[in-house]
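Just so it is clear, the structure is predicted and the values come from calculations on it, not from any experiment.
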Amino acid sequence: MWTTAKGGIARLVADFAETARRLQAPGAEGENEEADARALLEWLRGTERSWLVVIDDVDDLDAVLPWWPHPHPRGWVLATTRRRKALGAGRTRIDVGAFTAAESDSYLHERAPGLPTHPGACAEHECPAAPIGQLLGYLPLALSHAAAYLLNNTDVTPGAYARMLAEPGRALAEVLPADGADGYGQAVHATMLINLSAVEAVEDRPGLARAVLSTLALLDPNGSPPALWTHPAALTALTGPGPSLWQRLRHPTIARNMPAPVPALHGATAAQVRECLRLMHRYSLITHTAQDQAVIRIHALTARAARDITPHEQGYALARRTADALLALWPPVGRDRALEQALQDNTAAVDDNTSPVLYGPDAHPALCQVGDRLGEAGQDAAARDYFHTLAARTSSYLGPDHSSTLRARHSHARWRGEAGDAQGAADTLAELVPHYVQVLGPDHPDTLSTRRNHARWRGEAGDAQGAADTLAELVPHFLRVLGPDHPTRSALWTLSLAGRSGR
């Protein structure tokens with residue numbers, strides 16, 4: 001028999017009672033549903049026949065356990081639930097995950113119009129089934145809805161549909177219809193968040209679960225560091241206050257880069273957050289177990305659904321504060337490469353999921369931190385390429401003469417030189433100097449640093465005399481800005497004399 005425990009046990013008891021009456025189980029007299037249901041349990045316990053009871057969509061396992069049939073040598077009970085809970089003896093939990101990539105491709109080829117009837121009929125790199133499956137995290141439910149979309153919109157090719165799925169800003173409701181190809185009649189975005197209301201019903205701090213989920217939705221679904229929610233500096237970045245009136249008046253630059261607090265996160269303690277994460281894991285919104293303490297995982301579609309329901313007015317603060325928290329976690333260079341890689345991946349995820357938020361009003365420092373750490377770890381070419389891309393993005397969002405664009409271009413030049421192209425670094429810095437002078441002025445520390453580095457790479461490229469002349473021109477500026485006894489001024493003068501003497 002099949003029954004459901006969705007929303008409680010009333011339907012289960014009624015179905016048990018009806019089955020008992022149909023089987024004419026002893027004690028099933030039709031006067032009391034609970035008595036009849038218990039009569040079925042006794043019949044199942046004593047019968048010589050084989051039987052299977054399916055209890056679908058269990059919301060509250062504790063409420064169902066009193067109605068769980070007794071063990072039987074030829075009897076089986078199969079229950080489905082979205083919740084994780086330790087089970088008693090004699091019961092085995094089987095976690096049902098996503099399809100493999102091959103299973104996903106086969107499923108779509110069977111059900112989606114416009115694709116051959118089997119995966120081998122089209123080359124893998126040309127077949128749109130692969131990106132569709134990947135974009136949907138190989139989730140069977142989502143793939144069913146994707147197939148339904150293609151069935152209902154025959155003018156949309158699978159390739160065009162894959163591009164729609166990948167399009168930034170597309171809500172799940174636009175690309176995944178409510179009815180799946182296999183008859184499941186609930187929208188994917190609602191299904192992915194079906195347990196959020198259950199968590200909210202039992203959480204101690206109203207709104208915290210939704211805010212934590214919205215924050216995790218910005219991060220890498222393959223794993224974000226739990227220290228984000230426990231490290232004091234990172235937790236303060238996520239939950240602390242916004243700029244004070246004094247900061248807004250006296251330090252407007254700091255204030256404009258310090259986002260307002262997210263109400264539900266503001267003032268939350270580490271203990272409250274830990275309890276919230278525990279509940280979210282229990283209700284299958286995230287995965288965070290004792291066996292996998294290194295990361296917190298969230299399915300990509302759950303994350304996308306959470307981003308869809310995040311209020312627009314909270315988006316800026318969530319993104320900037322999440323980037324602040326990631327920045328606070330960076331370990332000393334070379335101390336913890338696994339953590340550094342996780343921070344790189346999660347910073348990139350926040351950027352991809354919220355762009356261009358991390359570029360306004362200035363590029364967030366975490367963006368430059370990623371590139372600098374690549375170079376400091378010995379990956380000079382990777383750092384060069386990273387800053388080349390970052391410079392293009394900041395220029396697109398903020399303009400070619402914005403200080404953040406100049407900073408990214410400066411870093412690109414640095415790592416270009418460190419990667420072996422000293423002349424290219426010198427040429428890039430020569431182009432940058434007039435921009436720094438125009439934007440920041442001739443005596444700004446960043447302008448002087450750019451001119452000094454231009455001289456350095458000019459010398460590295462073989463033009464010692466030109467480097468010496470540039471350094472000699474800089475000495476008066478450093479003298480005026482830093483004073484006659486500053487070590488930088490003395491070092492510049494020494495380098496200038498060395499260059500002119502050919503040493």
Side-chain angles (χ1 to χ4, degrees), residues 1-20 37 40-41 44-45 50-72 74-100 103-104 107 111 136-148 172 176 178-202 213 278-289 291 297-302 305:
M1 68 162 293
W2 177 96
T3 185
T4 180
K6 183 176 178 59
I9 61 169
R11 170 74 180 276
L12 178 149
V13 171
D15 287 346
F16 274 19
E18 181 182 355
T19 302
L40 174 67
L41 294 179
L44 293 172
R45 186 177 191 176
S50 298
W51 53 262
L52 169 66
V53 174
V54 178
I55 308 174
D56 201 10
D57 217 351
V58 175
D59 282 336
D60 186 348
L61 191 56
D62 290 332
V64 170
L65 288 179
W67 297 96
W68 198 278
H70 297 283
H72 188 281
R74 288 182 296 280
W76 293 268
V77 180
L78 174 64
T80 65
T81 180
R82 291 183 175 86
R83 306 188 186 182
R84 300 183 177 100
K85 183 178 175 62
L87 301 176
R91 303 185 185 99
T92 302
R93 191 179 82 188
I94 302 173
D95 293 323
V96 180
F99 280 156
T100 65
E103 289 169 339
S104 169
Y107 177 87
R111 286 167 173 77
L136 296 177
Y138 306 117
L139 188 72
L141 171 65
L143 292 166
S144 172
H145 287 255
L172 281 178
L176 295 173
D179 294 324
D182 297 306
Y184 190 85
Q186 187 169 31
V188 170
H189 62 280
T191 302
M192 301 308 295
L193 300 177
I194 197 168
N195 283 332
L196 178 58
S197 58
V199 174
E200 290 177 321
V202 297
L213 186 66
R278 186 184 68 81
L279 285 171
M280 290 168 66
H281 169 79
R282 178 185 294 177
Y283 286 85
S284 301
L285 289 166
I286 64 171
T287 300
H288 180 39
T289 65
Q291 293 76 30
R297 304 181 193 278
I298 180 172
H299 193 279
L301 281 192
T302 302

- Between Gly137 and Ala98 the two heavy atoms that sit nearest each other are O-CB, 3.6 Å

- What one should report as the nearest heavy-atom pair of Pro66 and Leu41 is O-CD1, 4.2 Å

- Look up atom CE in Met280 and atom OG1 in Thr302, then write down how far apart they are to the nearest 0.5 Å. 9.5 Å

- Please examine the side chains of Val54 and Trp76, heavy atoms only from C-beta on, and report whether any two atoms are closer than 4.5 Å. no

- Sorted by first residue and then second, give each salt bridge (Lys or Arg N to Asp or Glu O under 4.0 Å) pair with at least one member in residues 136-145; sequence neighbours left out. none

- Message: Under a 3.5 Å threshold, yes or no: a donor from one side chain and an acceptor from the other, between Asp56 and Thr4?
- Response: no

- Note on the structure: Closest non-hydrogen atoms of Phe16 and Trp67, given as atom of the first, atom of the second and distance, are CE2-O, 3.3 Å

- State which residues pass side-chain hydrogen bond (donor to acceptor under 3.5 Å, both in side chains) with Asn195; sequence neighbours excluded, sorted by chain then number. none

- Correct closest heavy-atom pair for His288 and His281 would be N-ND1, 3.0 Å

- Mind checking the CZ-CD1 spacing from Arg11 to Ile9? Nearest 0.5 Å is all I need. 14.0 Å

- Message: With a 4.5 Å cut-off on side-chain heavy atoms, are Leu44 and His72 touching?
- Response: no

- Item | Close side-chain approach of Thr81 and Leu61, heavy atoms under 4.5 Å | no

- Report yes if some heavy atom in the side chain of Ile298 is under 4.5 Å from a heavy atom in the side chain of Leu285; otherwise report no. no

- Heavy-atom closest pair (Trp51 atom, Pro69 atom, distance to 0.1 Å) is CH2-CB, 3.7 Å

- Note on the structure: CG (Leu78) and CD1 (Ile94) are apart, to the nearest 0.5 Å, by 7.5 Å

- CG of Leu139 to CZ of Phe99, rounded to nearest 0.5 Å, is 9.0 Å

- Could you check if a side-chain atom of Met1 sits within less than 4.5 angstrom of a side-chain atom of Leu40, using non-hydrogen atoms only? yes

- Message: My understanding is that only residues two or more places apart in sequence, or in another chain, count here; which of them pass salt bridge (charged side-chain N to carboxylate O under 4.0 Å, His left out) with Glu103?
- Response: none

- Query: Short question: side chain of Ser144, backbone of Pro140 - any donor-acceptor pair under 3.5 Å?
  - Reply: no

- Item | Non-hydrogen atoms of His299 and Leu136 that approach each other most closely | CE1-O, 3.6 Å

